[in-house]
Amino acid sequence: MSDKVKIQDDKLSSFFEQVYAVVRLIPKGRVTSYGAIAKYLGTAKSSRMVGWAMNSSHGQTPDVPAHRVVNRNGLLSGKNHFGSPDAMEKLLKKEGVKVKNDQVQDFKKLFWDPALELEL
DNA sequence: CGATTGACGTACG
DNA sequence: TCGTACGCCAATC
């Protein structure tokens, strides 16, 4: 079974890897959106792929703070995919991000744009 | 191998 | 302002 996994792990240049890299750069207590990451990578219209990357981020090392990634509305669209629907919200609150009704409060203020912060 | 789905976003009416 | 349609690419059925 390690055969298939090894092949993917050996590539280390996939679109997913780039997504993981950006997500891991998200400062604690901050959040970003799938579109922002996708745009930063040059695939603004492929924001869905970012979501797919997150889906594969489970078990990645170092741990990918997927809970810091939300949709354009600041809604915890991916909370459903965590171990528990409350895990994502709990993690965000733990980092100082206020979440109400599965929605990030002050999202605009906590928004972390890689294209801006990283100043490519 | 073809059709459908999906942690989104933008465009159009 | 709100609702619907489309695009994008990979994985799954």
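Quick caveat: nothing in here was measured; it's all calculated off a predicted structure. Note: hydrogens, waters and symmetry copies are ignored here, and every other heavy atom, side chains too, is used. Chain identifiers are assigned alphabetically (A, B, ...) following the order of the sequence lines, protein sequences preceding nucleic acid strands; residue numbering begins at 1 within each chain.
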Practice item. Return the set of residues passing side-chain contact (heavy atoms from CB on, under 4.5 Å) with A:D113 (not counting sequence neighbours), or none when no residue passes. Key: A:A36, A:F111, A:A115, A:L116
Review point. C:dG3 and B:dA7: how far apart are their C1' atoms, nearest whole angstrom?
Key: 23 Å
**Study point:** Residue pair A:F15 / A:T43: nearest heavy atoms and the distance that separates them
**Key:** CE1-OG1, 3.2 Å
Check your understanding: With a 4.0 Å cut-off on heavy atoms, is A:H67 in touch with a base, just the backbone sugar-phosphate, or nothing at all?
Key -> nothing
Atom-to-atom span, [atom1] of [X] to [atom2] of [N] - whole angstrom:
| X | N | atom1 | atom2 | result |
| --- | --- | --- | --- | --- |
| A:M54 | C:dA11 | CE | C1' | 16 Å |
| A:W52 | B:dT5 | CH2 | P | 12 Å |
| A:F16 | C:dA10 | CZ | P | 8 Å |
| A:F15 | B:dG6 | CZ | C1' | 14 Å |
| A:M49 | C:dC8 | CE | P | 11 Å |

Practice item. Run through A:V23, A:L25, A:L92, A:L91 and flag the one making a side chain to side chain contact (heavy atoms under 4.5 Å, CB included) with A:P65. Key: A:V23
Point to revise | Close approaches to DNA chain B from residues 77-104 of chain A, in residue order (heavy atom, under 4.0 Å) | key: A:S77, A:G78, A:H81, A:F82
Give a yes or no on whether the backbone of [Y] and the side-chain of [X] come within a donor-acceptor separation of less than 3.5 Å.
| X | Y | value |
| --- | --- | --- |
| A:Q105 | A:Q103 | yes |
| A:D106 | A:L110 | no |
| A:T32 | A:V69 | no |
| A:Y20 | A:P62 | no |

So which protein N/O to nucleotides 9-13 of chain B N/O distances come out below 3.5 Å?
from, atom 1, to, atom 2, distance (Å)
B:dG9, OP1, A:G35, N, 3.4
B:dG9, OP1, A:R72, N, 3.0
B:dG9, OP2, A:R72, N, 2.6
B:dG9, O4', A:S47, OG, 3.2

Revision key, fill the gap. In this structure, CZ of A:R68 is separated from CZ of A:R24 (nearest 0.5 Å) by 12.0 Å
